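Source: prediction; values computed, not measured. By convention in this document, chain letters (A, B, ...) are assigned in the order of the sequence lines, proteins followed by strands, and residues within each chain are numbered from 1.
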2 protein chains.
Amino acid sequence: MVDEKDKDQNTEQKILEAAKEVFLERGLDGARMQDIADKAGINKALLHYYFRSKDRLFDVIFREAAARFLPKLGELFASDMPLLEKIEKFVHFYIDMLQQNPHLPLFVLNEMQKVDGDEFMEFIWQGKQPALKAMATQVEEEIKKGTIKPIKPFHLLLNIVSMSIFPFVARPIVKLVWEVDDPQFKELMEERKKVVVQFILDSIRK
Amino acid sequence: MVDEKDKDQNTEQKILEAAKEVFLERGLDGARMQDIADKAGINKALLHYYFRSKDRLFDVIFREAAARFLPKLGELFASDMPLLEKIEKFVHFYIDMLQQNPHLPLFVLNEMQKVDGDEFMEFIWQGKQPALKAMATQVEEEIKKGTIKPIKPFHLLLNIVSMSIFPFVARPIVKLVWEVDDPQFKELMEERKKVVVQFILDSIRK
DNA sequence: GTCTATAGGAGGATAGAC
DNA sequence: GTCTATCCTCCTATAGAC
């Protein structure tokens, strides 16, 4: 009884890990159930036994990925930390996370584009909306206080996000254009944690 | 004779335009030859008559897209324009281009990831390598002259590219998170041309 | 050059034994 | 729960008439 349950969870877990790898690398359309089965060390039939269909399995993976991509920023945004410190935390958090999940952003952005108006993504986001507004307000207050230069919160935050995430999305081109290999790329991204924060601060501080 | 040739080119052109739309929206794996045929107003067999296979047709589209995505920046980079002016030109050029080709970056980045080490992309890039080095040197010279703050050319250029391109890659999420529709999004991107340039200048100028 | 009809194969899904 | 064998649909590609 206990054995069966353990075995069950192990198999399910193996499938999920394999599916995650394959879907994140190849996308929904490019992924093959056979590849997932091979990587999990089982056969196709078992995939359907556990998850009924490719679409259902994909849904599980996508939702987990989407949640990871829009993570628990609520607390960070809404906290009473100084703005500049929030920015630093944000950049460090994202670059660290993407170093460990390099395929995540392209996967999520790509699959989102196809569905266009994903109800689950909206659900994921809902709870965070107020925190973002709070952060935007904080930016405007700092501007009023005169501690930072005027800039629409939209553009400031989009700049921060862009500089943190885009290099991972464009990884193949960055590697080609700057003639770097994987270890060098990783090192450069590590550097960016400080460089990007400094770049932002230099830009907005008076 | 002339009629036949015109007709021929028209059909080929119609196919290319249809294929471009479908491939850019759905990717290689997601695209259906039937959809391309429908959009071109012809039938599947003609697609193969003109382009022999799906892969060949895709290649034509991808190469055109890749060339557009890494456009004629050689002249800009290598010109004797002041650095700050080059940056301005670059940002304006990219945002303008992406306003008209919204699917381009995600398509190229996505398909590049799958092949990993695309020989054609390398070919496309080759000619531009020297111009990039020239631009990097220019950055270093400005730093030595003391006109801008120290920053590795890699990070400065990656920041510029990131802020220009990422919003288009992340369009669905940006729209969701900031609750904007398509016309508002377009307007915000128009704003960004000035905002991003200003943001960069504020950051690097002493 | 353009069409209809169909071959051929890949891949998701199910049946049924163990 | 897990496997093998098989079904069936979808889609690329080709044959052949016009």
Side-chain angles (χ1 to χ4, degrees), chain A residues 1-65 107 110-111 114-115, chain B residues 1-65 107 110-111 114-115:
Chain A
M1 192 67 174
V2 175
D3 270 325
E4 270 176 20
K5 207 180 172 186
D6 279 0
K7 226 175 155 191
D8 192 25
Q9 288 198 334
N10 284 336
T11 300
E12 191 169 333
Q13 207 52 41
K14 269 195 252 171
I15 292 175
L16 286 172
E17 273 163 35
K20 188 170 155 183
E21 277 188 55
V22 175
F23 277 131
L24 262 75
E25 268 182 35
R26 318 256 341 172
L28 171 58
D29 295 321
R32 294 290 161 259
M33 294 296 265
Q34 186 63 59
D35 293 344
I36 296 174
D38 290 348
K39 192 155 281 191
I42 55 160
N43 61 359
K44 277 193 296 177
L46 213 41
L47 293 182
H48 289 89
Y49 174 79
Y50 276 92
F51 293 94
R52 192 164 173 81
S53 77
K54 186 185 182 184
D55 280 344
R56 279 183 189 277
L57 177 54
F58 176 80
D59 260 18
V60 176
I61 302 300
F62 177 75
R63 290 177 180 218
E64 201 268 329
F107 170 72
N110 207 47
E111 300 299 338
K114 291 182 201 161
V115 294
Chain B
M1 191 69 171
V2 175
D3 269 328
E4 270 175 21
K5 207 181 172 185
D6 279 0
K7 226 174 154 192
D8 192 25
Q9 288 198 335
N10 283 336
T11 301
E12 190 170 334
Q13 207 52 41
K14 269 194 251 172
I15 292 175
L16 285 172
E17 273 164 36
K20 188 170 156 181
E21 275 188 57
V22 175
F23 277 131
L24 261 76
E25 268 182 36
R26 317 255 343 172
L28 170 58
D29 295 321
R32 293 291 161 256
M33 294 297 265
Q34 186 63 58
D35 293 344
I36 296 175
D38 290 349
K39 194 155 280 190
I42 55 160
N43 62 359
K44 278 192 295 177
L46 258 197
L47 295 181
H48 290 89
Y49 174 79
Y50 277 91
F51 293 94
R52 190 166 173 79
S53 77
K54 185 185 180 182
D55 280 345
R56 280 184 188 276
L57 177 54
F58 175 80
D59 260 19
V60 176
I61 302 301
F62 177 75
R63 291 177 179 217
E64 201 267 329
F107 170 74
N110 207 46
E111 300 298 337
K114 290 182 201 161
V115 293

Note to self: Could you check whether the side chain of Lys44(A) and the base of dG12(C) have a donor-acceptor pair of N or O atoms closer than 3.5 Å, going by distance alone?
What the structure shows: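 Such a pair is found, so the answer is yes.
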
Margin query: Between Arg32(A) and Asp38(A), does any NZ, NE, NH1 or NH2 come within less than 4.0 Å of an OD or OE carboxylate oxygen?
Written below: no

Can you tell me the distance, in whole Å, between the [atom1] atom of [X] and the [atom2] atom of [N]?
X        : N       : atom1 : atom2 : result
Lys54(A) : dT14(C) : NZ    : C1'   : 17 Å
Leu46(A) : dT4(D)  : CG    : P     : 11 Å
Arg52(A) : dG12(C) : CZ    : P     : 16 Å
Phe23(A) : dG12(C) : CZ    : C1'   : 11 Å
Arg26(A) : dG11(C) : CZ    : P     : 10 Å
Asn43(B) : dG16(D) : CG    : P     : 17 Å
Ile36(B) : dA13(D) : CD1   : C1'   : 14 Å
Arg56(A) : dT14(C) : CZ    : P     : 11 Å

Next item on the list: Hey, could you give me the CD/NZ distance between Gln34(A) and Lys44(A), rounded to the nearest 0.5 Å?
Entry: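 Gln34(A) CD to Lys44(A) NZ: 5.5 Å, rounded to 0.5 Å.
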
Check: Distance from Asp35(B) atom CG to Arg26(B) atom CZ, nearest 0.5 Å?
Finding: 7.5 Å

Nucleotide nearest [X] (side chain, heavy atoms from C-beta), chosen from [options]:
X        : options                   : answer
Met33(B) : dT2(C), dA13(D), dT2(D)   : dA13(D)
Tyr49(A) : dG1(D), dT4(D), dT12(D)   : dG1(D)
His48(B) : dT2(C), dG12(C), dT12(D)  : dT12(D)
Ala45(A) : dT14(C), dA15(D), dA13(D) : dT14(C)

Check: What does Ala31(B) touch in the nucleic acid at a heavy-atom separation under 4.0 angstrom: a base, only the sugar-phosphate, or nothing?
Finding: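 Contact class for Ala31(B): sugar-phosphate only.
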
Note to self: Looking at dT2(D), I'd like to know if its phosphate oxygens (OP1 or OP2) sit under 4.0 Å from a side-chain N or O belonging to Thr11(A).
What the structure shows: yes

Margin query: Less than 4.0 angstrom between a side-chain N/O of Arg32(B) and OP1 or OP2 of dT12(D), yes or no?
Written below: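 So the side chain of Arg32(B) is within the cut-off, an N or O lying under 4.0 Å from OP1 or OP2 of dT12(D).
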
Next item on the list: Verify side chain to side chain contact (heavy atoms under 4.5 Å, CB included) between Glu25(B) and Lys114(A), making sure each step is shown before the conclusion.
Entry: CA-CA 8 Å; Glu25(B) 268 182 36; Lys114(A) 291 182 201 161; over 6 Å; no

Margin query: One pair to check against salt bridge (Lys or Arg N to Asp or Glu O under 4.0 Å): Glu17(B) and Lys14(B). What are the steps and the verdict?
Written below: CA-CA 5 Å; Glu17(B) 273 164 36; Lys14(B) 269 194 251 172; over 6 Å; no

